[in-house]
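For reference, the structure discussed in these notes is given below.
These numbers come from the heavy atoms of this one structure, side chains and all, not from hydrogens, waters or symmetry mates.
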Amino acid sequence: MKKETYIKMVNNVKANKRLERALVFANSILTGVVYASFPFLLFALFYNKKYDQLIRIVLVCGISFVLVSVFRYFFNAKRPYAMYGYEPVVAKEKEGQSMPSRHVFSAFVIACAFAYINPKFSIIYFLVATLIAVHRVLVGVHFIKDVVVGALIGIISGIIGFFII
């Protein structure tokens, strides 16, 4: 999207106070669902003595998270609000480290972890991950390419780590 499109999108959201509050609330709920359920999954695997699955999930998610974080640090792509000079709907202080979206990456790799354990149940997590991706663009904190790359890296990491290796 072009600069004008981002600014117009964010201004339209901010002009509709109900929509703005809903998106701020959705930011907490969507990420909260994914991040709260992940420790629950790990605990359930530990409790049921499925240590091989537990170790695999911790390693795949942990290693890929570190690699994405290191890449973001060195690549240090600017965020749309930093490039285009507007205030995003969801408050952010970082001006860089936009590519790839770590929220989206995390949501998709965790969805893959759930697919590894229960493919039918994981559909919910893939839907939530997709909503997070759309949300991150709508609130003006990521470019579309940031969330697409984050999703692809999360899915590829999950496929390789859970289903190929």
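- When the side chains of ILVMFWY residues are joined at heavy-atom separations under 4.5 Å, either directly or via intervening members, Val34 and Val24 end up in a single hydrophobic cluster.
- Using a 4.5 Å cut-off between side-chain heavy atoms of Ile, Leu, Val, Met, Phe, Trp and Tyr, with links allowed through other members, Val58 and Val109 fall into the same hydrophobic cluster.
- If you take CD1 on Ile55 and CG on Leu42, they are separated by 11.5 Å, rounding to the nearest 0.5 Å.
- When all heavy atoms of Gly96 and Asn76 are compared, the closest pair comes out as CA-OD1, 3.5 Å.
- Closest approach of Cys112 and Gly154 over heavy atoms only: SG-O, 4.0 Å.
- Between the CZ atom in Phe105 and the CG atom in Asp146 there is a gap of 14.5 Å [rounded to 0.5 Å].
- The closest side-chain heavy-atom distance from Pro100 to Phe71 is below 4.5 Å.
- Between the side chain of Arg56 and the backbone N or O of Gly161 there is at least one donor-acceptor pair closer than 3.5 Å.
- Taking both residues in full, the closest heavy atoms of Phe143 and Lys78 are given as CE1-O, 3.4 Å, listed atom of the first, atom of the second, then distance.
- A distance of 10.5 Å separates CD1 of Ile165 from CG of Leu59, quoted to the nearest 0.5 Å.
- Residue-environment remark: CZ (Phe46) stays at or below the threshold of 12 foreign heavy atoms within 6.0 Å.
- Side-chain heavy atoms closer than 4.5 Å link hydrophobic residues (I, L, V, M, F, W, Y) into clusters, and following such links, possibly through other members, connects Ile155 to Phe121.
- Side-chain atoms of Arg102 do not come within 3.5 Å of backbone N or O of Val68 as any donor-acceptor pair.
- Within a 6.0 Å sphere centred on NZ of Lys94, heavy atoms belonging to other residues, nucleotides or ligands number more than 12.
- Without hydrogens or angle criteria, Thr5 side chain to Met1 main chain gives no donor-acceptor distance under 3.5 Å.
- Listed for the Arg79 side chain is no donor-acceptor partner under 3.5 Å among the backbone atoms of His142.
- Linking Ile, Leu, Val, Met, Phe, Trp and Tyr residues whenever their side-chain heavy atoms come within less than 4.5 Å places Val149 and Leu152 in a single cluster.
- The shortest side-chain heavy-atom distance between Lys145 and Met99 falls under the 4.5 Å cut-off.
- Across every non-hydrogen atom of Cys61 and Ala113, the tightest pair is SG-CB, 4.4 Å.
- Of all non-hydrogen atoms in Ala129 and Ala107, the two that sit nearest each other are CB-CB, 3.6 Å.
- Of the possible donor and acceptor atoms, none in the side chain of His103 sits under 3.5 Å from a partner among the backbone N and O of Ile132.
- Residues Phe65 and Ser157 have side chains not in contact (no heavy-atom distance under 4.5 Å, counting atoms from C-beta outward).
- Counting heavy atoms from C-beta on, the side chains of Ile117 and Leu45 come closer than 4.5 Å.
- At a threshold of 4.5 Å between side-chain heavy atoms, the hydrophobic network of Ile, Leu, Val, Met, Phe, Trp and Tyr places Ile159 and Leu67 in two separate groups.
- Proximity of Val139 to Pro88: side-chain heavy atoms (C-beta onward) are nowhere separated by under 4.5 Å.
- Residues forming a salt bridge (Lys or Arg N to Asp or Glu O under 4.0 Å) with Lys17 (at least two apart in sequence, or on another chain): Glu20.
- Note that OG of Ser37 and CD1 of Ile110 are 6.5 Å apart. Values are rounded to the nearest 0.5 Å.
- Note that NZ of Lys92 and CG of Asn27 are 8.0 Å apart. Values are rounded to the nearest 0.5 Å.
- Summarising the hydrophobic clusters (Ile, Leu, Val, Met, Phe, Trp, Tyr; side-chain heavy atoms under 4.5 Å, direct or chained), the residues clustered with Val70 are Val66, Tyr73, Phe74.
- Rounding to the nearest 0.5 Å places CG of Leu131 at 12.0 Å from OG1 of Thr31.
- Asn16 contributes a side-chain N or O that, together with a main-chain N or O of Arg18, makes up a donor-acceptor pair within less than 3.5 Å.
- In the displayed structure, Phe163 atom CZ is contacted under 6.0 Å by more than 12 heavy atoms of other residues, nucleotides or ligands.
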Would you sort out whether Ile144 and Tyr6 count as a side chain to side chain contact (heavy atoms under 4.5 Å, CB included), showing the intermediate values?
CA-CA 11 Å; Ile144 292 172; Tyr6 271 95; 4.2 Å; yes
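- Under the 6.0 Å cut-off for aromatic ring centres, Phe108 and Tyr125 do not qualify, their centroids lying 6.0 Å or more apart.
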Stepwise ring pair (Phe, Tyr, Trp, His ring centres under 6.0 Å) test for Phe114 and Phe38
CA-CA 9 Å; Phe114 276 95; Phe38 186 63; 7.7 Å; no
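- Around OH of Tyr47, the count of heavy atoms belonging to other residues, nucleotides or ligands within 6.0 Å does not exceed 12.
- Heavy atoms only, all atoms of each residue included: Val13 and Val89 are closest at CG1-CG2, 3.6 Å.
- Ring-plane geometry between Phe162 and Tyr116 is classed as parallel, the angle between the planes falling under 30 degrees on a 0 to 90 degree scale with a further cut at 60.
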